[in-house]
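What follows is a set of notes on a single structure, which appears directly below.
Being a predicted model, the structure only gives us computed values, none of them experimental. Numbers restart at 1 for each chain; the letters A, B, ... are given by sequence-line order, proteins then strands.
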2 protein chains.
Amino acid sequence: MIKKAKQVTIYDIAKTLNISAATVSRALTGNVDVKSDTREKILNAASNMGYSSNNFASNLRKKQSKMIGVIVHRLNSHFLAETLAGIEKSLNMAGYHMIISQSHESVAAEIKATKAMLKNRVDGLLVSLCYDNDTTRHFDELINQGVPVVFFDRTPINGEYDHVKIDNFKAAYEMTMHLIRQGYKRILHITASQRRDVYADRLAGYKQALQDSNIAFNKDLVLVTDLNPEYGVEAANYIMNMKARPDAVFTVNDFLAVTCMKALQKMGISVPRDIAFAGFNNDPISKLVTPSLTTVNYDGVKIGQLAARTLLNKLTEKINAKSNIVMAHELVVRESSVKKN
Amino acid sequence: MIKKAKQVTIYDIAKTLNISAATVSRALTGNVDVKSDTREKILNAASNMGYSSNNFASNLRKKQSKMIGVIVHRLNSHFLAETLAGIEKSLNMAGYHMIISQSHESVAAEIKATKAMLKNRVDGLLVSLCYDNDTTRHFDELINQGVPVVFFDRTPINGEYDHVKIDNFKAAYEMTMHLIRQGYKRILHITASQRRDVYADRLAGYKQALQDSNIAFNKDLVLVTDLNPEYGVEAANYIMNMKARPDAVFTVNDFLAVTCMKALQKMGISVPRDIAFAGFNNDPISKLVTPSLTTVNYDGVKIGQLAARTLLNKLTEKINAKSNIVMAHELVVRESSVKKN
DNA sequence: CTGTTAGCGCCTTCAG
DNA sequence: CTGAAGGCGCTAACAG
């Protein structure tokens, strides 16, 4: 067991300088009048003695932690990593730190993490919900105690909570329309839990596009997955065994699209000639794969920054309005969905 | 400004139940003898009153935070995201939380983050050094105060600090040997700052393999980059303009390899016929690109878990030996480096 | 098994 | 401009 050196406190500095701890505190926090030469003496002593302010004591006293909790389903996802990078950047600029937990798509873990965040007295919480969560009671507990919560990407189904997201309905509608305009009619949609708004909204957009194009919705052309990347291969097998194969596949994320596409190619399917492909997220891989993948682009870093700033605003501003922010997205049309004649 | 509800304390519970705060504390922490029915009464009251233990007060008293600091150069990197996922998992299982900062490859930011970690009284620190850092004084300050620091992946050049990494020299040696055995003789190595051990070690491995194969080292065949992915295109142009082009390219990361390879392919180069390629990291992209990319695989999640566990061990164990852990790696030979006749 | 007491280190009135 | 005093909420002796 490593024993910690006893830490230097403001009292130690005060004693050395024969002044009071109050003055030391004032000089160190810098925001009150202290004679400039005593301030200098204090700063020097602090530096020489290796003083480092104890945030626990300070936080306990001030009842604020300058810490923001972040709960995501996993860290090793391209999109979430981008988002977290954006969050960290914005928080850091504002002098906040972030403490992260993974829910691993488990509601129980999400609840546990939320409770831990409360104990750590985070000043606010940023959340992207886990896969099949449909309860938000554990967040209400925080909110009721005055700890603001902002959701990003995967948000509660009812729009009653502050959130930052893209218009998933519209994006999926546009993508489906793009495929239809290219002449594809049997579009297979690979999606995930309909309890998660992002996937439900995308399916709705897909359906609407079919309807607006007078194409009958066929529920055999919707596959619900758990987003496990290996499912791409399974989906490919499913497609090969269909009596009437789709002429296009539209998945809710790029990775799934790419693994499925690669598996089909190995089985002799030509993309996009036999089957076209479209994904979602603009993962770096979508640009580099052959054929390059048509997808929906939106800026994860920006979403993160915006979510963080929205939260910080709630912390500091007088007004307490609900923020429902919709970020821009764009279709990125690449080779995988363009019909060659 | 949101005003926080005044929080429920053990004193509130004590008052309600007409007992002492000490007993409440004991019942809540659970590790001391309390009569079972008073314990139950306390637990009920705590739940009803919406009590949540204040970690600041507890930490201040106990002088331990159950928080581990993590400093990395960025969050949105596939390898680091994997590592962080591993770290979070191990810490979480041990009841620890993690607080993350990005250095953005800036020594100043790294130093600032380290100081903030100290103020937050983290129990330990996990670090992957920033790009051109060559000073470790800021970490010594923590270590001297009894806060253990474990480095992973990018570690201090001198091996005097605890660390978890792979044998970069050996991996690069093996990869270069593989290329040489395939018949490639003019192997371009694209690397990064030689102040970072990982890149210096890989260059050394590359050189050793050449020497052991009686191929003269040619410094025109080493490119030093800042790891910006756009550099891949630049490198491709550089290659096209060389009087004597390389017959193989070995880069220190997959992303660079793929962008360079794709750029060359667009300019009419055939891979691997004209130029072979090998990368490093086994990024998911390496498997899905055409041709699939030969690379070095090592498990980021495991490295993270191991780094976290190493740190936790130092926190709890009596012995205080240095841990220099070398993780396994393996060559993954794919299409991009295999000579076809 | 339970209560009393005394801080952990810091900040913030209130006096001077 | 500076000092004294009290308390943020919790835990760890020390007594009963």
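- Across D:dC10, D:dG9, C:dC10, the shortest atom-to-atom separation from the side chain of B:S58 is found for D:dC10.
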Produce the list of close N/O pairs, under 3.5 Å, pairing protein atoms with atoms of nucleotides 3-6 of chain C; give distances to one decimal.
| from | atom 1 | to | atom 2 | distance (Å) |
| --- | --- | --- | --- | --- |
| C:dG3 | OP2 | B:S20 | N | 3.0 |
| C:dG3 | OP2 | B:S20 | OG | 3.1 |
| C:dG3 | OP2 | B:T23 | OG1 | 2.7 |
| C:dG3 | N7 | B:R26 | NH2 | 2.6 |
| C:dG3 | O6 | B:R26 | NH1 | 3.0 |
| C:dG3 | O6 | B:R26 | NH2 | 3.4 |

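- Remark: A:S25 is not in phosphate contact with C:dC10, judged by side-chain N or O atoms under 4.0 Å from OP1 or OP2.
- One can place CD1 of A:I10 at 17 Å from P of D:dG6, the figure rounded to the nearest angstrom.
- Between the CD atom of B:Q64 and the P atom of D:dT11 there is a distance of 11 Å, rounded to whole Å.
- Across B:L126 and B:A307, no two heavy atoms sit closer than the pair CD2-O, 3.6 Å.
- When each of B:N59, B:D123, B:N55 is paired with B:S65, the side chain to side chain donor-acceptor pair (under 3.5 Å) condition holds for B:D123 and for no other.
- Listed by residue number, the members of residues 43-55 of chain A with any heavy atom below 4.0 angstrom from DNA chain C are A:Y51, A:S53, A:N54.
- Counting to the nearest Å, the P atom of C:dC11 and the NZ atom of A:K62 are 6 Å from each other.
- Phosphate proximity of C:dC11 to A:K63: absent, as no side-chain N or O sits under 4.0 Å from OP1 or OP2.
- Atom CG in B:L60 sits about 12 Å away from atom C1' in D:dG7, given to the nearest Å.
- Contact detail for A:R154 and A:Y131: the closest heavy-atom pair is NH1-N, 3.3 Å.
- Taking every side-chain heavy atom of A:V34 into account, D:dT2 is the closest of D:dT11, D:dT2, C:dG9.
- Salt bridge annotation for A:R196-A:E105: absent, with no cationic side-chain nitrogen under 4.0 angstrom from a carboxylate oxygen.
- Identified under the ring-ring contact (aromatic ring centres under 6.0 Å, His included) test for residues 57-84 of chain B, with sequence neighbours left out: B:F79-B:Y298.
- Evaluation of the side chain to side chain contact (heavy atoms under 4.5 Å, CB included) rule for A:A116 yields B:H97 as partners, not counting sequence neighbours.
- Note that the two end axes of the helix from C:dC1-D:dG16 to C:dG16-D:dC1 enclose an angle of 30°, each drawn from 5 base pairs, rounded to 10 degrees.
- Remark: A:K62 engages A:S58, A:Q64 in a side chain to side chain contact (heavy atoms under 4.5 Å, CB included) (not counting sequence neighbours).
- For the pairing with A:V147, the side-chain contact (heavy atoms from CB on, under 4.5 Å) check across A:I68, A:L315, A:L142 returns one residue only, A:L142.
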